[in-house]
Structure formats: structure tokens, C-alpha cells
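Structure record follows, encoded as C-alpha cells.
Labels below follow one simple rule: chain letters A, B, ... track the order of the sequence lines, proteins then strands, and each chain is numbered from 1. Everything numeric in this text was worked out from a predicted model, so none of it was measured.
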2 protein chains.
Amino acid sequence: MLDASRLRLLHDLSRLGTIAAVARLRTYTPSAVSQQLAALEREAGAALLTRTGRTVTLTAAGRALAGHAATVLAALDEAEAALAALREGLTGPLRIGAYPSAVRTLLPAALVDLARDHPGLDLTVTELDPVAVPAALADRTLDVGLIQDYDVAPGIPDPALGSRPLLDETIHLAGAPTLAAAAGAPWILATPGTLCHTATLHLCRSAGFEPRARHHADDFATVLALVAAGQGVSVVPHLATAGAPPGVTLTPLPARRRTRIAYRRGTAGHPAVAACVTALQAAAAAYLPQDRP
Amino acid sequence: MLDASRLRLLHDLSRLGTIAAVARLRTYTPSAVSQQLAALEREAGAALLTRTGRTVTLTAAGRALAGHAATVLAALDEAEAALAALREGLTGPLRIGAYPSAVRTLLPAALVDLARDHPGLDLTVTELDPVAVPAALADRTLDVGLIQDYDVAPGIPDPALGSRPLLDETIHLAGAPTLAAAAGAPWILATPGTLCHTATLHLCRSAGFEPRARHHADDFATVLALVAAGQGVSVVPHLATAGAPPGVTLTPLPARRRTRIAYRRGTAGHPAVAACVTALQAAAAAYLPQDRP
DNA sequence: GCCCGGCCGTAAGCTGACCTGATGCTCGAC
DNA sequence: GTCGAGCATCAGGTCAGCTTACGGCCGGGC
């Protein structure tokens, strides 16, 4: 019978690409991972990976088996979720990943609720960009994470993840009355590669111009402070406008940012995940009434 | 992470009922099984079984986990089937279970075809009653098995198994011109517990009488020999009438026996299983034209 | 062109998991 | 009451699997 922990290593390899990365993720030595994958090849009776250059790539059989490994791992997730659902109280670790502005606004209320209702839970919050959430969930570095989706740059849903809607916010232009007026102004952009950066680019390009970057800041509080100091213009979602410094003009734009709470598909039935989803949805509902377009 | 081989032991236990039986099936000592299940309980964080009298029963958590274990094992089956499908030639063991009359009639032709087309296959045939086939498939004692279903006593399909139709035969009364004439005659019955025995009982009872058993024989060739010797009457399916001794009157009855070829759901995509299914269906087609009602 | 760093595989050695066999207990049947 | 079946625990030996150490290979940088 194929070994599930070896299948997990293969599944990790199919996402990460190198044995060394898998070893770092699982806190093994690369040697151990290499040996386990070699054993899996023996079990499978087929070559699963080939050395290409100084790295390895999966063969067709390797890719096929990695796909089936995802199914097996999801089934194991479901089994563990079912066990957790049968246990008396909610206990154990729950690792939540969210982007900075959510950590400051939504998370505190949700964490208080969760800690009050389920004192046995061991909550850990990690701040990270939404684009890194799917990988972190697959890595089992996170159990729950907030992902985003701009209507101007819709994302493709990950088939390994389930998700529930959380927020649907208006995007505001900060520092200028209209997008046309902001076209020539200096912009405050996020670091390239983040979702925020690409969404801003999409927004400006669909308005017919390329933003001229002057400053780079990921934190919206920092961004708004720079705008208040007259250092440039930027776009911020509704959630970030709560504590905006006075004197910053905010103009709603015809663009929306949707936030969803995501989890591995197999853990959908896990009571801790379900409790976290409801707590976050309750916290989001407290913010929603302020953002009716 | 839950261990798949331990989950398999739990799954076995849920079907077999005792740790000793699981140990016999897996050729372990009961001590090893007991230790592995104890380790699974530690992993699961819940009591999975309780001692009741001198045996054990599953708790609610144990039953739930056993159900999920079936899902995990099916996913592992599918992964192995996918690997086998990618391999060059068909190799490896294929264990076929069938009832005696099929072993004599259908199997030889199918085995010849299979051995010719796939010389790498290691074919093993086991003679057993259809009622034992689902358990043997679940035990992994068999890979493919013939199951039966009388329209007078329809069976309930096993959700863990897939199947394909193979034969649909007329049942013949042997040794008497009509069922009414056979009511008072001595009967040759199969051993109680076999599907054949219960089907005969159903047939007689729906005709309004209880068959009086005189001889017990499971093999239809033996049954027909006894009928030819004037020792009693019996019912035999079409497949068994091929080499009937002369002088035995055979009367078609308004009852049919359906034979299906069954396999574990996860192995549906296994090329060896698929090849066996097609070979048996081809062999069955050679018998079918003789049995148009 | 050459060196260096990262990646992968193999060999050796040690720790720990796991199976066996023995022992003791409980329960049910005769 | 005795016996047998079933299960758990304990001691002991074996083997899988990890780490460490080492060598080969490729690609980028000076």
C-alpha cells in the first residue's frame, strides 16, 4: 500500500519544485526527503521524478500520482475534521493568516469572540499577503486565511480550497477628487508582486494611464499618512479608511475588493474552522453597514 | 497525520468485529493489531473502541473514523490504479473469485484470453460462494469477483463496490415438468447460507410450498447427476445445464439469475480489472445466445 | 574560463517504531 | 468448575527511517 506521508512529500514537491524546499517545509534534511521519494518510487513501481539540471521535475506518472495524493490528503483531512467535530470542546491550534488591515480591524473582534466561546483553542495569527495564502494553506502552515479578489483583476479559485465570502468593499481614491486628476500625480504603490500592487495597476490602466510610482508602502496607514503629507495619491479599500488622518480626500471608485475566508477543502467540516468562519463573518458584518455603495 | 495502515486495521475491524479476525486477515498477531489500534486512538485523540464482554465494539467516533477510512483507502486504491494504468504492460497479481459453475464455463475462455493478451498478469482463481465475494473484495483477498442476484431475492448493492452486468439467465426446474408437480417431490438443496439455497427457498415459497430436502449438494453437476438418478428435483441456472446428463427434464421457470462482475470502487480504473471485465463479458456473450427467453 | 554556491544522491550509523512471544485477565460455554 | 476464546500489557529483537558526512552536477558571477 502506498504510504500517505510519502504521498504528502510528493504533493509538496509538485508545488514547491525542489526537494530542498520540501525539506525546509517539513523540517527534514534534503537527504531524508530524497530517500523517502526514492522509496515511494519503489512502491509505485514507476519513475516519478527525473533530474533536470540541478533540480528535479516530475514525470507524467509523478504528476498523476501527485494529483491522487491531493485526494488522499483531503480524505485524511476530512477524517481528522470528523474526529474534531466529535470531541467535546474545541481544542488544538488554529492558525489564521490575514492581510495587515484585516489584522487591525476584523481580527481583534473575531479573536475575542473565539477565545471567549472556545477557550481551548490555541489561536495564532500571521500577517501575510493574500497571494501567499493558498500556498500557506496547502503547506499546512495556515488553517484559515483571507484571500482577495478585485473585480478589476478577478482571481482564479484554487480547486484545493473552499472559501466563504467575508467582505465586499468599495475602493477609494485617496488624495485626488477624480482618477483623471490623479493621472499625472505621483503615486504611492505597494511592492510589486502583491495583489494590491497589481490591482492598482489594473485600475489605472483601465482609466487610460500608467501610474508614476514615487513611494512604495504596503501598509495602508502608512499610505494614508503619506497622502496626508501631500506626497502623492493612492487607492485604498474601505476597510483601511477607518482611521484616516484628517484632510485626506477620499473618493469612491467604481471598483470593489472582495475578501473571502479560505481553508483546505478537507477541513471544511472542522469545527474550529467553522467557528472561525462564523466569528469572522460576524466581525465583517459590523463593518459592512458603513460601506453601502 | 493519521496513518493509513492503521486506518485500514480499523476499517477491517469494523467489518470483522474482532481484533483476532483482523490479525488473521493481515497475518499479524492479535497483539500487534491491538497495539496499532491503541496508537490510532492516541493519534485520533478519542476512544475508538470499548471492550464489551470478551470482544470489542466500536464507539461512535470509531464508527465515524472507520467510514472515513473507507474513503481514504478508496483514494489510495485509485492512486494505485492510476499508476498501473500508466505502466507499460499489465503485470502483477489479479485474484478472481467465482462460483463453481462459472469457473467451469466462463472462466477458462476468459483466462485464456487474458493470459494471451497480457502475459505479465499473474492470474489466481478462487472458487467461492457469491455471498462471500463482497467481504473477500473488501478484505483484499480478491480483486474481482462474481456476485449474483435473483429477481425472486434481489440483493442490496454494496456501496464500496462497483460492478458491471455479466449474465442474465433463465432458471430451470430439473426433474419435474412443473413446479406444482415438484411440490411433493424430494428436493436437492444447496447448503443453507449460500445464495443458491435461499433463492430456491424463495422460489418454492412463492409457488406456495416448502421444499422437502433430501440431499444437499452445492455443485450443479452433482445436483444434475442426482436428479438423473431419480433422487429428487432441483432448480439450476442455465449456465449449469450445458453438460446435463441425458434423461433430465429441464423446464424453464419464470425466474432469472443475474450475474455481475464486482470490484472495489477504487480499482475501477485499474487496467487489469478493466481487462478482466471485458474478457469475462466476452466469454459471457458466447453463452448468452443459447439463453434467450 | 574558472570558481563558488546550491541542489541532489549515496553511505554509514544511530534512534525509535513495531512486531513477536509470553503472561495475565475477563467473559461465556459446556 | 473448567476450558477456551479474546484482549491488553510487557520485554525483547529487528528493521525502517532519520541525521551526518561526502561526492557529483549544474548554473551564475567575477
Side-chain angles (χ1 to χ4, degrees), chain A residues 1-59 61-63 65-66 69 72-73 76 135 139-140, chain B residues 1-59 61-63 65-66 69 76 135 139-140:
Chain A
M1 193 176 59
L2 295 169
D3 184 71
S5 63
R6 288 170 179 161
L7 287 176
R8 182 168 63 172
L9 293 180
L10 181 69
H11 181 237
D12 290 338
L13 181 64
S14 75
R15 292 179 300 108
L16 300 177
T18 73
I19 289 180
V22 176
R24 279 190 294 271
L25 174 63
R26 300 293 169 203
T27 57
Y28 282 163
T29 57
S31 171
V33 176
S34 176
Q35 288 176 44
Q36 288 303 302
L37 289 175
L40 183 61
E41 281 191 308
R42 251 181 287 125
E43 282 181 348
L48 300 177
L49 32 90
T50 55
R51 289 206 39 182
T52 57
R54 68 180 165 182
T55 173
V56 292
T57 54
L58 293 182
T59 64
R63 284 191 298 275
L65 190 56
V72 172
L73 295 174
L76 285 170
D139 284 350
R140 282 140 209 269
Chain B
M1 196 175 58
L2 295 169
D3 184 70
S5 64
R6 288 171 179 162
L7 286 177
R8 182 169 65 172
L9 293 179
L10 181 67
H11 181 235
D12 291 336
L13 181 63
S14 77
R15 291 179 302 109
L16 300 177
T18 74
I19 289 180
V22 176
R24 280 190 294 270
L25 174 63
R26 300 293 168 202
T27 57
Y28 281 165
T29 57
S31 170
V33 176
S34 176
Q35 287 177 46
Q36 288 302 303
L37 289 175
L40 184 61
E41 282 191 307
R42 250 180 289 125
E43 283 181 348
L48 300 176
L49 33 90
T50 54
R51 288 204 42 181
T52 57
R54 68 180 165 180
T55 174
V56 292
T57 54
L58 293 182
T59 63
R63 282 191 300 273
L65 189 56
L76 285 170
D139 284 351
R140 281 139 210 269

First-last contacting nucleotides on DNA chain D - partner chain B, under 4.0 angstrom, heavy atom: dG4(D) to dC10(D)

Contacts of Asp3(B) that satisfy side-chain contact (heavy atoms from CB on, under 4.5 Å) - sequence neighbours left out: Ser5(B), Arg6(B), Glu43(B)

For Arg63(A), all residues meeting side-chain contact (heavy atoms from CB on, under 4.5 Å), sequence neighbours excluded: Leu58(A), Ala60(A)

Partner set under side-chain hydrogen bond (donor to acceptor under 3.5 Å, both in side chains) for Ser31(B), not counting sequence neighbours: Gln35(B)

Position toward the 5' end of DNA chain D (nearest nucleotide), Thr52(A) or Thr29(A): Thr29(A)

Partners passing side-chain hydrogen bond (donor to acceptor under 3.5 Å, both in side chains) against Thr55(A) (at least two apart in sequence or in another chain): none

Sequence neighbours excluded, every pair satisfying side-chain hydrogen bond (donor to acceptor under 3.5 Å, both in side chains) that has a member inside residues 17-29 of chain B: Asp12(B)-Arg26(B)

Heavy-atom protein contacts under 4.0 Å, nucleotides 5-17 of chain C, coded B base, S sugar-phosphate only, - none: BBSSSBB------

Ala46(B): partners by side-chain contact (heavy atoms from CB on, under 4.5 Å), with sequence neighbours left out: Ala61(B)

Pair Leu48(A)-Leu13(A), side chain to side chain contact (heavy atoms under 4.5 Å, CB included): steps then yes or no: CA-CA 11 Å; Leu48(A) 300 177; Leu13(A) 181 64; over 6 Å; no

Thr59(A): partners by side-chain hydrogen bond (donor to acceptor under 3.5 Å, both in side chains), with sequence neighbours left out: none

